[in-house]
Amino acid sequence: MEPYEPQEIERRWQTVWADEGTWEVPNPGQPAFDDTKPKSYVLVMLPYPSGEPHIGHLKVYAIGDAIAHYKRRNGYRVMQPMGYDAFGLPAENNAIKTGVHPREATDRSIASYRHWFRRWGISIDWTRELATSDPSYYRWTQWIFLKLLERGLAYRKEAAVKWCPKDATVLANEQVIDGRCERCGTPVEVRQLEQWFFRITDYADRLLDDLEGIDWPEHVKTMQRNWIGRSEGAEVTFRCEELGIDYPVFTTRPDTLFGATFFVLAPEHPDVFRLAAGTPEEDRVHEYVNRAIAESAEDRSSEERPKTGVSLGRTVTNPVNGERIPMFVADYVLMEYGTGAIMAVPAHDQRDHDFARAFDLEIRQVVAPADDKEEQPATDPAAPGSEQARITGRPSGSLADEEVAGIGAGPFLGHSGNERLINSGDFTGMSSPEATRSITEWLAKDGRGRPSVSYRLRDWLLSRQRYWGCPIPVVYCDGCGLVPVPEDQLPVLLPDVQDYAPKGKSPLASAEDWVATECPRCGGPARRETDTMDTFVDSSWYFLRYCDARNDKAAWDREVVRSWMPVDQYIGGVEHAILHLMYARFFVKALADLSLLDVQEPFDALFTIGMITREGAKMSSSKGNFVDPAEYVERYGADTARSYVLFIGAPDQDADWTDKGVEGVHRFLARLWRLKEEVVERTEPAISDERGATSDQPGNPHALLAKAHWAIDKVTRDIERGFQFNTAIAAVMELVNEAYRLKDGLYGHPAGDAALRFATATAGSLLFPFAPHLGAEVYEAVEGSRVWEEPWPKPDPTMLESDTFTLVVQVNGKLRARVEAAVDAPKDELVRLALGTEAVKRHLDGKEIVKEVVVPGKLVNLVVR
RNA sequence: GCGGACGUGGCGGAAUUGGUAUACGCGCCAGGUUUAGGUCCUGGUGGGCCAUUGGCCCGUGGAGGUUCGAGUCCUCUCGUCCGCACCA
C-alpha cells in the first residue's frame with residue numbers, strides 16, 4: 001500500500017489541467033462553444049498583488065472554486081477567471097522607499113500569485129487573465145472615462161485637499177495624523193484644488209432601489225443604504241431681511257419649525273464673510289472660520305467635543321411665524337450636506353440643544369408626547385417615581401412646563417408616532433406626521449418651501465496626485481481649454497519617472513516630455529493632465545473585461561458580455577461592502593445608460609466571507625501570528641489546506657485556525673487515500689446497478705450504500721443551502737468512517753466489494769469540489785474515469801428511506817425512552833409501543849394521561865397529571 | 001447614539017418546518033496492531049448525584065413568557081464583535 005503523497009498527486013493533476021486547458025470556457029461563436037448548457041459566471045474579487053497571497057486568499061478562492069466545480073458538474077458552462085488589481089499605493093510607497101519601479105514589484109507579485117493559484121489547484125480559465133496596470137487593460141479604463149465625460153458624468157470641480165506647507169505636498173487622508181503631516185509633523189492645511197469627480201449622486205435613487213432585486217446579504221444591503229443615506233424632508237426658505245438674501249435649509253422635521261430659535265451656517269458657506277461684513281462680529285467670524293477650515297475632518301467630527309461657533313450679527317425670518325432669529329456660524333454644520341445651512345431646533349435635536357446650552361439660547365418645545373394616562377396622573381403630574389420624575393431625575397414640584405418632557409435633561413426626540421404639536425399656531429394638536437405634511441404643503445403654496453430629499457452620498461472624487469495609476473486621458477490647451485484625448489490615441493501611456501514622491505503635484509508632472517503635448521483639436525501646445533485615477537475605477541469594470549479579455553478592438557463586444565453578465569455568484573470580503581460594490585454598480589448603470597451594456601446590476605448574488613483568526617486572535621504584523629499558506633501547502637498539500645479552511649466553520653463566518661485542526665483534516669484525507677488503496681487492491685470491479693448494489697456478491701451492502709446515498713443527499717443540500725461546506729465535509733468524513741467500520745464487518749457481515757467501491761468513489765466525488773486533486777485521484781482509481789466529467793451524483797430516494805425509525809418517547813416533554821417502530825405504523829400503534837416501555841410505565845405509575853401528542857415518524861409525548 | 005451580527009462541551013463548531021442538544025474535527029481517556037515511539041485501528045468522553053445492569057436531576061449568556069414540547073418563537077436584560085456617525 002502506497003502512502004498518501006499529496007505533493008506528487010497534486011502535481012500530476014495540475015499538469016493535466018494545465019496541459020489540457022480543462023477549465024477554459026469558450027465564448028459564443030468560438031469552437032467548442034456549447035449552447036445547450038446554461039452559463040454560470042462565478043467570480044471571486046480580484047486580488048491586489050502585494051507580496052505573496054495570504055490565508056484570506058486561500059479561503060476566498062477555495063470557496064469560489066468549490067462553487068465553480070459544483071456548478072460545472074451540475075451541467076453549467078462555468079467561467080471562473082482571474083486577474084490582478086495592480087495599480088495602487090502600496091507598490092508606489094514601496095518604490096519611494098526602495099527605488100524599485102512599482103511595475104517591477106507588481107509583476108513579481110503577480111508571478112507569485114499566479115504560481116500559488118495553480119499550486120492550490122484553483123480551476124481558472126487562464127486565457128482571460130488580466131492586470132489593471134497593463135496598457136491593454138487601462139486603455140479601456142481611459143475609454144470608459146471618456147464615455148462618462150462625454151455624458152457629463154465625469155466633471156472637474158474645486159475641492160478641499162490636505163496640504164503640508166513644509167513638504168509642499170498634497171497628502172492622502174491616511175497620511176494625516178492628528179491634523180499633522182505624518183512625515184514632518186507640520187500642521188496640515190486645507191487647499192482648494194481642481195479635482196475630477198464622477199457624478200454617482202445622480203444614481204443615488206437607482207442604487208438604492210435596485211438593491212431590492214439582488215440576492216445579497218442583508219447586512220451589505222443595509223450598509224449600502226446607510227451609505228447612500230436618503231432622507232426625506234423639506235427645503236424651507238429663511239430670509240435675511242437686512243441683506244435681502246434667501247437661505248434655504250433642508251430639514252427632516254418640518255413639524256418642528258415653530259421651535260426654530262436660531263440659524264447656523266457652515267464655516268465653508270460662501271456667504272459667511274459677506275454676512276458678517278460691517279457687523280461688530282466681523283473679526284471674530286474671520287478668525288473662527290479660518291481656524292475651523294484648517295482643522296482636520298476627524299477633529300471636527302468628534303461628537304464629544306463641545307459645540308463652538310460665533311454670532312454673525314444678523315438675523316433671518318422664520319417663515320412659519322415671522323420671528324427673527326439670530327444667525328451663527330458653527331463647525332457642527334457641514335457644507336457638504338443639505339444646503340450648508342440649518343434651522344436650529346434645540347428642543348428636538350441633540351446638536352442644536354448642545355449649542356443652545358453653550359450659547360444660552362432659547363429652547364422652545366413644540367412637540368410633546370400625546371396624552372397618556374400612565375404618564376400624566378391628573379393629581380400630581382410629577383410625583384416621585386412617576387414617568388416624569390424619572391425622565392428628569394428631579395423631585396416633584398421643581399419642574400417647569402417644558403421640562404416635563406425632559407427638556408431639562410436633553411432634547412425630546414420621541415419617535416413613537418404618538419407625538420403631538422404644541423406651541424405651533426394653527427398646527428397645535430396635530431400629530432407629528434400630519435403636521436410634517438401640512439406645514440410643508442402650506443409653505444409650498446407661497447413658495448417658501450417644498451418637499452425635498454437629501455443624500456449622504458457624495459460624488460466620487462477620482463483624481464489622485466499619485467504616480468502608479470491610470471493616467472486621466474485629457475489635455476489642457478491654452479486655446480481650446482480642456483480637450484479629451486481622442487479614442488484612437490489611447491492608451492495614454494504612463495511614463496517612467498525617476499522620483500515617485502508626491503510634491504504637491506502628481507509625480508507625473510516631472511515627466512516634462514510627456515506632459516508637453518499637442519492639442520488634439522487645434523494642434524497647438526498643450527499640457528497633459530498629470531493626476532491619475534483612483535484604483536477603484538480600475539476595479540469597477542474588470543468583470544466586464546473578463547468576458548472578452550483578448551478583444552483589442554473594443555473594451556468588450558456587447559453580445560459577448562450579454563452572454564455572460566450578470567455575474568451569477570460574486571465572492572469576496574465584507575471590507576468591500578460599500579465602496580467597490582457601490583462603484584461597480586454605478587459603472588454598470590452608467591454604461592447601460594450609454595447603451596454599452598444590457599444589465600442594470602453587475603452581481604446577481606453576493607457571498608461575503610468571514611475572517612480567519614489564529615488561536616482566537618486576529619492576525620497582525622505586531623503579533624507576528626500570520627498563517628502562511630505556503631507553509632501548510634508544502635507540508636500537507638493544497639487539498640489539506642483548502643479543505644481545512646472550509647471545514648473550520650461556515651464560510652461567511654469568522655473562523656479560527658489551529659495547527660492541530662489542520663492535522664485532523666490531513667488525517668482524514670490520508671484515511672480516504674488508504675481506503676482507496678485497500679479497495680483497489682482487494683476488490684474487483686463488479687457490474688453494479690446505479691445505486692451500487694449487486695445481487696451476486698456476498699456481503700451486506702445495505703448499511704454502507706445507505707450511508708453513501710445519505711452523504712450524497714447531505715452534501716448536496718449543504719452546498720445548496722448557502723454553501724455550508726463545513727458540514728458537507730463532515731458528511732464525507734462520516735461516510736469514510738462508516739466505510740472503515742463496515743469494510744471488514746466489525747458489526748456483522750462485511751459490506752462487500754460493490755458497496756465498498758461505490759462508497760469510496762462517492763467519497764472522492766463528493767470531496768472533489770473541496771479537495772480536487774485527491775477527489776480526482778480516488779475517483780479515477782476506483783471508477784477509471786475523470787470525476788469532473790461526471791455529473792454531480794444524485795441520491796437514490798429509496799436508499800434514503802428505511803423501514804423503521806427510532807420513536808422518541810416523552811412523558812411531559814421529557815425524553816424517557818427510544819424504541820424502534822415501523823415507518824408506516826399508525827398513531828395508536830405508536831402510542832401502544834410507547835406505553836409498552838419500562839421507563840414509561842415507571843413514569844406513568846399512578847398518574848392519569850391527559851393528552852397524547854403523536855408526531856408520526858418522530859415522537860410520542862404523553863402528558864400526565 | 002443609529003444600524004447589523006453573534007453568545008451552545010476543555011476548544012473550533014453541528015442541530016431543514018419548534019420535536020432525540022452537542023453531528024464532524026481537535027483535545028483527553030481506554031483497548032488493540034507495531035521491535036519501540038510516532039503512525040494506524042476500535043471504543044469512550046456536557047455537568048452533578050445514586051448505582052450491579054441502570055437510573056434521577058441539571059444543562060445552549062441571564063430573567064420571564066407562549067407551547068404537550070423552546071438552542072430555535074415573543075418580551076426584557078447582560079456581554080462580545082462589525083459598520084456608520086455633528087448627515088439637520
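A, B, ... follow the sequence lines: proteins, then strands. Residue 1 opens every chain. Here the structure is a predicted model, which means the values were calculated and not measured.
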Whole-Å gap separating [atom2] ([N]) and [atom1] ([X]):
{"X": "A:E677", "N": "B:C41", "atom1": "CD", "atom2": "P", "answer": "14 Å"}
{"X": "A:Y740", "N": "B:U33", "atom1": "OH", "atom2": "C1'", "answer": "14 Å"}
{"X": "A:L859", "N": "B:G19", "atom1": "CG", "atom2": "P", "answer": "10 Å"}
{"X": "A:L675", "N": "B:C40", "atom1": "CG", "atom2": "P", "answer": "15 Å"}
{"X": "A:E852", "N": "B:G69", "atom1": "CD", "atom2": "P", "answer": "16 Å"}
{"X": "A:D352", "N": "B:A88", "atom1": "CG", "atom2": "P", "answer": "12 Å"}
{"X": "A:M611", "N": "B:C82", "atom1": "CE", "atom2": "C1'", "answer": "9 Å"}

Do any side-chain nitrogens or oxygens of [X] fall under 4.0 Å of OP1 or OP2 in [N]?
{"X": "A:K814", "N": "B:A21", "answer": "no"}
{"X": "A:R671", "N": "B:U42", "answer": "yes"}
{"X": "A:R721", "N": "B:A15", "answer": "yes"}
{"X": "A:R741", "N": "B:C41", "answer": "no"}
{"X": "A:H843", "N": "B:C56", "answer": "yes"}
{"X": "A:N737", "N": "B:C41", "answer": "no"}
{"X": "A:R667", "N": "B:C26", "answer": "yes"}
{"X": "A:R225", "N": "B:C84", "answer": "no"}
{"X": "A:R816", "N": "B:G55", "answer": "no"}

Which is true for [X] with a 4.0 Å heavy-atom rule: it touches a base, it touches only sugar-phosphate, or it touches nothing?
{"X": "A:Q810", "result": "base"}
{"X": "A:D349", "result": "nothing"}
{"X": "A:G338", "result": "nothing"}
{"X": "A:S231", "result": "sugar-phosphate"}

State which of [options] makes the closest approach to the side chain of [X].
{"X": "A:R674", "options": "B:C86, B:C41, B:G55", "result": "B:C41"}
{"X": "A:V863", "options": "B:C84, B:A23, B:C68", "result": "B:C68"}
{"X": "A:K307", "options": "B:G19, B:C86, B:A21", "result": "B:C86"}
{"X": "A:D331", "options": "B:C86, B:G25, B:C84", "result": "B:C86"}

- Item | 5′-ward residue of the pair A:K858/A:A839 relative to RNA chain B | A:K858
- Assign each of A:A670 and A:V665 to its nearest nucleotide of RNA chain B by heavy atoms, then name whichever residue's nucleotide is nearer the 5' end. A:V665
- Task: Give a yes or no on whether the ring-centroid distance for A:F355 and A:F328 is below 6.0 angstrom.
- Result: yes
Separation between the [atom1] atoms of [N] and [M], rounded to whole Å:
{"N": "B:C24", "M": "B:C74", "atom1": "P", "value": "31 Å"}
{"N": "B:G62", "M": "B:G79", "atom1": "P", "value": "15 Å"}
{"N": "B:A15", "M": "B:C6", "atom1": "P", "value": "13 Å"}
{"N": "B:C11", "M": "B:C68", "atom1": "P", "value": "36 Å"}
{"N": "B:C76", "M": "B:C81", "atom1": "C1'", "value": "22 Å"}
{"N": "B:C40", "M": "B:G4", "atom1": "C1'", "value": "48 Å"}
{"N": "B:G59", "M": "B:G7", "atom1": "C1'", "value": "16 Å"}
{"N": "B:G18", "M": "B:U67", "atom1": "C1'", "value": "9 Å"}

- A:N737 side chain to A:R671 side chain, donor-acceptor N/O pair below 3.5 angstrom: yes
- Query: Is A:E738 paired with A:R741 through a side-chain N to carboxylate O contact shorter than 4.0 Å?
  - Reply: yes
- Verdict with reasoning, A:E829 to A:R832, per salt bridge (charged side-chain N to carboxylate O under 4.0 Å, His left out): CA-CA 5 Å; A:E829 170 65 17; A:R832 216 171 10 252; 2.8 Å; yes
- Exam field: side chain A:Q224 to backbone A:A577, donor-acceptor pair closer than 3.5 Å: yes
- Do the side chain of A:N318 and the main chain of A:L257 share a donor and acceptor less than 3.5 angstrom apart? yes
- Query: Do other residues, nucleotides or ligands put more than 12 heavy atoms under 6.0 Å from the CD atom of A:E820?
  - Reply: yes
- Query: Is the number of heavy atoms from other residues, nucleotides or ligands within 6.0 Å of NZ (A:K841) greater than 12?
  - Reply: yes
Identify each atom pair where a protein N or O and an N or O of nucleotides 2-13 of chain B are less than 3.5 Å apart, giving names and distance.
{"residue": "B:G12", "atom": "O2'", "partner": "A:I648", "partner atom": "O", "Å": "3.3"}

- Query: Considering every strand shown, what is the Watson-Crick or G-U wobble mate of B:C73 when both distances are under 3.5 Å?
  - Reply: B:G65
- Message: With salt bridge (charged side-chain N to carboxylate O under 4.0 Å, His left out) as the criterion, how do A:E218 and A:R225 come out once you've worked through the C-alpha distance, each side chain's angles and the decisive distance to 0.1 Å?
- Response: CA-CA 10 Å; A:E218 206 42 55; A:R225 285 190 192 106; 3.4 Å; yes
- Assign B:G47 to syn or anti; the rule is syn for a glycosidic angle within 90° of 0 and anti otherwise. anti
